[in-house]
Amino acid sequence: MSWMCDWAVARPRRNSYHSGRAFSRQSGALLGLLLLFFAGGAHAADPLEPIPVVRGAAGAFDTEVVALCPDVSEKPEVFLARDGDGLAGHLARGRQQVYLVDPWASPTAHAEGFDGVVREVYPAILKRLAAAGGQERITWIGHGLCGLLPMAAAARPSGNPPPVRWIAMGSPFDWSQPAPSLVAWVDAWLAGKALPQSVMRLFFTGFREALGARRSSLPGDIERRGSLEESFELHHRQNVSRPPPVAVLEDLKRWFEAGQLTDRAGWIDYGIGFRNVQGPGLLVAGASDPVAPPESMLAGLDRFAPEAGVGYHLLSRVDGDREEYGHLGMLLSRHSARDVDPLISAWLRGEENLP
Amino acid sequence: MSRVLLTLTLACIVAGCAAPQVKNVAELDRYQTTVTTDDGWTLAVFRVPPAPGTEAMPGFGVPVLMPHGTSVNRFNYMTPGSDLAGYLSRQGYDVWVPEHRGDRSSRSPDPKGYRSGDWSIDDIADHDIPAVLDLVLRETKQPQVWWVGHSLGGILGYITAQSDRSPQVAGLVTIGSPGAYVHPSRWVLKNSRHTGLLPKSGQVPTRGAGKALVPVLDVAPDSRVLHVIFNLDNVDLPTLMRFTHEGMENIGRGMTEQYLSWLQQGDLTSRDGARNWTRGLSSIRQPAFVIAGRVDHIVPAWTARYGYEQLGSQDKTWQVMGVGWGHRADYGHGDLLVGRNVEVELFPLIGGWLDARVGAATATPASADPWEAPASAPASAPSASEGPAAP
């Protein structure tokens with residue numbers, strides 16, 4: 001019964017996300033605010049330092065290390081933003097050593113863009129994860145652009161990052177036909193303009209409002225306000241997003257124009273890493289995701305070496321899920337707790353037949 | 001009930017299910033003519049001539065051939081509110097909508113031939129389409145048609161554009177048409193195993209299944225089975241209910257078998273396997289506009305995208321219909337033609353794409369290149385006083 005006691009006494013600690021299940025469910029919003037406060041302090045100290053997420057008893061160091069890495073415009077807390085819990089809480093309760101990492105907050109990302117993250121930040125984070133978790137075995141779960149880091153690192157001729165298991169969620173592999181709303185969003189950021197309508201069109205596709213017996217999948221504060229574009233934008237700004245590094249946005253712009261993922265000097269084709277990267281890996285695509293449409297992720301799937309053991313999973317109603325998941329829906333939708341979290345857990349356990 | 005649903009589901013793996021409200025049938029009959037194929041089938045062909053006052057438009061008098069999808073009929077394109085044929089007519093185009101063998105309007109030379117359901121996509125491509133092409137080119141006195149096809153209608157465009165009839169196709173618009181069945185979804189893999197439920201001969205009764213769906217639509221507007229065909233958040237229920245009454249046709253067993261073989265092998269091939277139409281996509285040189293629905297589960301966007309990638313056309317355009325692409329909803333397979341906003345979101349894209357090219361195509365000088373227009377200069381568009389030939 002000791003673990004129950006742990007839950008009962010659990011409280012937020014500096015530089016970590018440590019909370020109890022009941023506590024988090026009852027006081028999710030308040031806890032989220034507290035955690036953001038503490039997390040902000042941690043980031044200011046060292047943006048590369050992984051932030052542990054603890055549910056229940058801490059210090060179970062015989063389990064593998066799972067790193068959760070957000071997309072370029074997201075706070076790491078996006079993995080906890082679903083009712084104060086999210087995928088991070090789910091995995092932590094499964095006795096994984098869960099850490100939130102944030103390569104996009106590093107000075108290198110702001111100065112050198114994606115190249116700097118691949119060359120310096122990603123290997124440094126892996127080393128710190130190994131040290132913090134006491135494990136060489138690391139599973140990297142990246143949302144959006146973060147899902148590309150294992151492949152991009154494997155494309156560097158002199159790079160030799162430690163092997164990881166990886167999951168890429170909503171990560172675009174084909175840059176030749178980006179969705180217009182994605183291009184508009186990048187252009188707006190580079191021009192310093194607000195583009196609230198693109199937030200809903202880009203990140204919040206697939207959410208479903210209540211209809212008859214069907215439950216709404218909208219985050220609670222949006223549902224209370226009504227599903228207006230402004231509500232999505234406000235929710236996104238307050239709970240999910242933060243300004244992306246301009247250097248990375250410039251990289252995105254360059255990739256759109258070139259139709260491929262290369263470094264700034266044009267010397268490294270990061271696409272080579274698809275053939276070099278080790279597995280096992282899993283691609284998780286959202287059926288309605290304009291950032292990383294299924295056809296974009298499948299373009300990547302076809303390029304991995306067969307021996308890498310890379311799987312593909314489409315989050316779609318027709319395949320039994322509760323909605324046509326979009327880019328943030330796979331993390332924030334209320335349905336994702338039943339559709340996405342068990343999928344990730346099952347894959348981490350090595351189950352062959354994923355739910 | 002489960003068998004009905006399963007049969008419908010299997011059928012709809014391949015169905016270009018779309019076409020809602022019923023236009024006045026007598027009005028449609030006014031546009032109807034018939035054509036006889038070289039193997040004796042009689043097919044209905046519907047012509048929607050250029051609307052009055054369109055003489056100055058770039059597409060005036062340019063013939064557009066619009067074969068329909070599987071398990072549906074002319075209502076695919078000819079219904080108020082989602083009337084692509086009417087829309088293009090109002091842009092000046094001379095629109096022709098043929099029906100295929102096996103549709104209620106068709107007549108087989110052998111009564112057993114209709115009941116047997118033993119026709120295939122090869123038969124439509126090799127016999128129906130050439131007869132229709134000859135009719136359209138003869139009646140319009142034009143050397144080429146522009147092809148607009150939804151689902152199977154687009155596949156037939158791909159097939160024709162790589163056949164000896166290719167010079168008669170000026171360009172292609174395919175809407176929810178696969179280039180190959182790559183990466184089939186878990187749903188397709190699961191359901192394609194149930195082939196034992198298909199009838200041993202005759203036709204797959206999708207028309208009856210469609211009518212059986214009416215009560216399901218009424219009580220379960222959030223049905224997952226229907227979601228395979230339509231994004232139910234993007235279509236109006238009354239439209240769907242009317243569609244199931246008039247817009248659906250049975251599918252011949254031969255066609256069903258061919259679709260199932262495509263699902264198993266990936267590539268689109270002739271029934272005997274001798275012709276691989278997926279590989280042939282690279283030989284197509286015509287301008288092409290490939291349109292996919294973001295949440296199309298019959299022809300997922302990546303299968304349409306595969307076709308786009310394989311096309312040998314220098315001038316090719318890719319378009320996804322979805323929220324991230326500036327539209328009001330993510331489009332499913334059926335709602336690519338009957339979605340709430342197709343008249344303002346999709347049809348103008350098609351019209352604009354055609355308008356931007358028809359002038360250039362007719363101005364192209366004759367060339368020895370077999371992939372370009374034939375040596376004979378295109379006939380000029382009919383003048384306003386001439387008007388279209390009487391159907």
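These values consider heavy atoms only, across backbone and side chains, with no hydrogens, waters or symmetry-generated copies. It should be emphasised that the depicted structure is a prediction, and the values quoted were computed from it without experimental measurement. Proteins get letters first, then strands, A, B, ... in listed order; numbering begins at 1 in each.
Of the two parts of B:R294, the backbone and the side chain both hold a non-hydrogen atom closer than 4.5 Å to a non-hydrogen atom of chain A. Contacts between A:S288 and chain B at a heavy-atom distance below 4.5 Å involve backbone atoms as well as side-chain atoms. For A:H327, no part sits under 4.5 Å from any heavy atom of chain B, backbone or side chain.
In summary, the aromatic rings of A:F304 and A:W166 are positioned with their centroids under 6.0 Å apart.
B:Y331 contributes no side-chain N or O that, together with a main-chain N or O of B:L337, makes up a donor-acceptor pair within less than 3.5 Å.
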Show the numbers, then the answer: is there a side chain to side chain contact (heavy atoms under 4.5 Å, CB included) between A:V78 and A:D71?
CA-CA 9 Å; A:V78 70; A:D71 203 351; over 6 Å; no
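Between B:D315 and B:R357, at least one side-chain N (NZ, or NE/NH1/NH2) sits under 4.0 Å from a carboxylate O, which counts as a salt bridge.
For the set A:L202, A:D302, A:L298, the count of heavy-atom pairs under 4.5 angstrom toward chain B peaks at A:L298. Per-residue heavy-atom pair counts under 4.5 Å with chain A were compared for B:V323, B:V295, B:D330, B:V182, and the maximum is reached by B:V323.
For the pair B:K316 and B:F289, the cation-pi test (distance below 6.0 Å, angle within 45°) is failed.
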